[in-house]
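Every number for a ligand or one of its atoms is a count from 1 in the order of the listing. Since the model is a prediction, treat every value here as computed from it, not as a measurement.
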Amino acid sequence: MVRLLQKVKAKIYHFLYGPKRYRYLFEAILTLRARRIMEIGTWNGRRAEKMIVAAKQHRAASEIEYYGFDLFEQMTPEINRGELSKTPPTQAEVAARLQKTGAHVHLFEGFTHDTLPQVVGHLPKMDFIFIDGGHSLETIANDWQYAQELVDDQTVVIFDDYYFDRSDLGAKTMIEKIDPKKYQVEILPIRDRFKKEWGILSINFVRVTRRGS
Ligand SMILES: C[S@@+](CC[C@H](N)C(=O)[O-])C[C@H]1O[C@@H](n2cnc3c(N)ncnc32)[C@H](O)[C@@H]1O
């Protein structure tokens with residue numbers, strides 16, 4: 001009983017004080033009436049599930065395509081440390097969760113420096129891309145390099161992990177290198193803050209769209 005109460009309390013606390021920036025994902029998907037969604041860093045698939053539910057507001061499930069990239073079973077403690085990441089469940093578990101949505105789900109397992117170059121030439125342009133995989137500078141640069149091949153003038157890209165006060169990890173270094181003549185870059189105003197042992201980690205989302213030619 002005490003445990004149950006603690007769980008309910010944690011849920012309420014998360015609802016009231018949990019990360020707020022995620023609402024931008026759903027706003028973008030609804031505004032775009034997105035059909036093709038790509039997520040780099042699918043993790044447990046819960047965010048993907050919510051993004052598909054948002055897309056279903058405007059489209060039949062059978063029209064929606066989800067493309068998810070993750071290490072899944074290939075994640076190791078060492079990679080996890082280098083990517084400042086999270087440990088994902090198995091690909092089969094995530095696939096089972098996402099298949100229930102009725103959308104067409106495509107999951108790609110492995111390091112994105114291997115998987116993205118292999119598949120990107122075979123994928124369609126995306127309506128919405130969420131970049132939230134590894135947090136090392138190299139991985140984020142790689143993920144953006146290949147994501148750009150799937151962007152057209154309608155695509156919205158959202159980067160997670162713009163760490164306001166840190167350039168050694170996360171998206172900030174990459175974002176500062178994006179050519180403003182080619183892309184419109186907007187640091188979205190909601191900032192979530194997390195207490196870490198070394199101080200406060202402040203995180204924004206960044207929205208990137210291609211400038212029309
Ligand atoms: C922060 S979690 C993603 C969270 C998810 N997007 C969400 O909103 O719930 C990061 C995920 O990226 C994956 N990942 C980390 N580094 C990666 C890499 N180099 N290549 C592929 N996946 C990676 C991890 O396995 C982890 O599941």
Side-chain angles (χ1 to χ4, degrees), residues 11 14-15 18-29 34 37-55 66-98 101 103 105-120 123 126 128-147 150 156-163 166 168-174 188 190-194 196 201-208:
K11 286 217 160 171
H14 183 82
F15 177 75
K20 301 278 189 288
R21 66 192 187 286
Y22 290 99
R23 72 158 214 237
Y24 292 126
L25 299 182
F26 311 113
E27 280 174 14
I29 287 169
I37 298 170
M38 173 167 153
E39 181 179 24
I40 300 182
T42 297
W43 187 37
N44 60 15
R46 285 181 198 270
R47 195 84 57 205
E49 194 178 21
K50 288 182 182 152
M51 291 194 285
I52 295 169
V53 168
Y66 171 85
Y67 299 85
F69 291 78
D70 206 289
L71 283 153
F72 296 115
E73 287 97 311
Q74 294 183 33
M75 176 58 94
T76 64
E78 199 188 339
I79 298 175
N80 209 347
R81 273 193 297 281
E83 298 287 12
L84 191 79
S85 193
K86 289 176 169 167
T87 302
T90 65
Q91 184 183 339
E93 280 172 75
V94 176
R97 172 188 293 280
L98 295 182
T101 63
V105 173
H106 309 268
L107 297 177
F108 302 93
E109 178 174 326
F111 235 98
T112 48
H113 65 212
D114 297 321
T115 51
L116 282 170
Q118 276 163 21
V119 303
V120 94
L123 298 182
M126 300 291 158
F128 181 71
I129 300 177
F130 181 36
I131 300 185
D132 185 23
H135 298 151
S136 67
L137 302 184
E138 298 73 25
T139 295
I140 294 181
N142 172 78
D143 295 351
W144 172 235
Q145 179 190 335
Y146 289 100
L150 304 175
V156 170
V157 180
I158 289 190
F159 284 82
D160 194 7
D161 303 298
Y162 180 92
Y163 302 148
R166 290 191 66 163
D168 56 328
L169 280 170
K172 190 176 188 192
T173 303
M174 179 65 248
L188 298 173
I190 293 176
R191 178 169 303 156
D192 288 313
R193 291 177 175 83
F194 303 91
K196 301 281 175 189
L201 179 66
S202 302
I203 310 182
N204 291 63
F205 272 170
V206 179
R207 184 181 192 275
V208 177

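The structure places NZ of Lys50 at 10.5 Å from CG of Leu25, a figure rounded to the nearest 0.5 Å. How far CD1 of Ile203 is from OH of Tyr163: 5.0 Å, rounded to the nearest 0.5 Å.
Close approach of ligand 1 to Thr139 is summarised as follows: ligand atoms under 4.0 Å from at least one heavy atom of the residue are 19 (N). Short contacts between ligand 1 and Phe130, defined as distances under 4.0 Å to a heavy atom of the residue, involve ligand atoms 6 (N), 8 (O). Listed by number with element, the atoms of ligand 1 under 4.0 Å from a non-hydrogen atom of Met75 are 24 (C), 25 (O).
Every heavy atom of Arg46 sits 4.0 Å or more from the atoms of ligand 1.
A donor-acceptor pair under 3.5 Å is absent between the side-chain atoms of Gln91 and the main chain of Glu73, judged by distance alone. Using a distance-only test at 3.5 Å, with no hydrogens or angles considered, a donor-acceptor pair links the side chain of Arg97 to the main chain of Asn44.
Within 6.0 Å of atom CZ in Arg46, 12 or fewer heavy atoms from other residues, nucleotides or ligands are found, so the atom counts as exposed in its surroundings. With a 6.0 Å radius and a threshold of 12 heavy atoms from other residues, nucleotides or ligands, Arg207 has its CZ atom at or below the threshold.
Contact annotation: the side chain of Phe111 approaches that of Leu71 to within less than 4.5 Å [non-hydrogen atoms, C-beta and beyond]. Here the side chains of His113 and Thr139 are not in contact, with every heavy-atom distance at 4.5 Å or above. At least one side-chain heavy atom of Tyr66 sits under 4.5 Å from a side-chain heavy atom of Thr42. Val53 places none of its side-chain heavy atoms less than 4.5 Å from the side chain of Phe26.
An N or O contact shorter than 3.5 Å is missing between Thr42 and ligand 1 by distance. Residue contacts with ligand 1: Glu83 is placed with a nitrogen or oxygen under 3.5 Å of a nitrogen or oxygen of the ligand (distance criterion only). On a distance-only criterion, Phe111 and ligand 1 share no N/O pair closer than 3.5 Å. The N/O atoms of Gly134, backbone and side chain alike, include one that comes under 3.5 Å of an N/O atom in ligand 1. Of the N or O atoms in Asn44, none lie within a sub-3.5 Å distance of an N or O in ligand 1.
Of the options Asp132, Ile40, Ile140, a side-chain contact (heavy atoms from CB on, under 4.5 Å) to Phe159 is made by Ile140 and by none of the others.
What sits closest to atom 8 (O) of ligand 1 on the protein, heavy atoms only, is Arg47 NE, 2.8 Å. Scanning all protein heavy atoms for the shortest distance to atom 18 (C) of ligand 1 gives Leu71 CD1, 3.7 Å. Closest protein heavy atom to atom 21 (C) of ligand 1: Gly110 O, 3.3 Å. Nearest protein neighbour of atom 4 (C) of ligand 1, counting heavy atoms only, is Asp132 OD2, 3.3 Å. Scanning the protein for heavy atoms near atom 9 (O) of ligand 1, the closest one is Trp43 CE3, 3.4 Å. When only non-hydrogen protein atoms are considered, atom 5 (C) of ligand 1 lies nearest to Gly41 O, 3.2 Å. Closest to atom 24 (C) of ligand 1 among all protein heavy atoms lies Ser85 OG, 3.3 Å.
Ring geometry, Tyr22 versus Phe130: the interplanar angle exceeds 60°, so the pair is classed perpendicular (tilted spans 30 to 60°).
In Glu39, the part holding a heavy atom less than 4.0 Å from any atom of ligand 1 is the side chain.
The closest non-hydrogen atom to atom 26 (C) of ligand 1, taken over Asp70, Thr115, Asp143, comes from Asp70. Among Thr87, Leu25, Thr112, Leu116, the residue whose heavy atom sits closest to atom 20 (N) of ligand 1 is Thr112.
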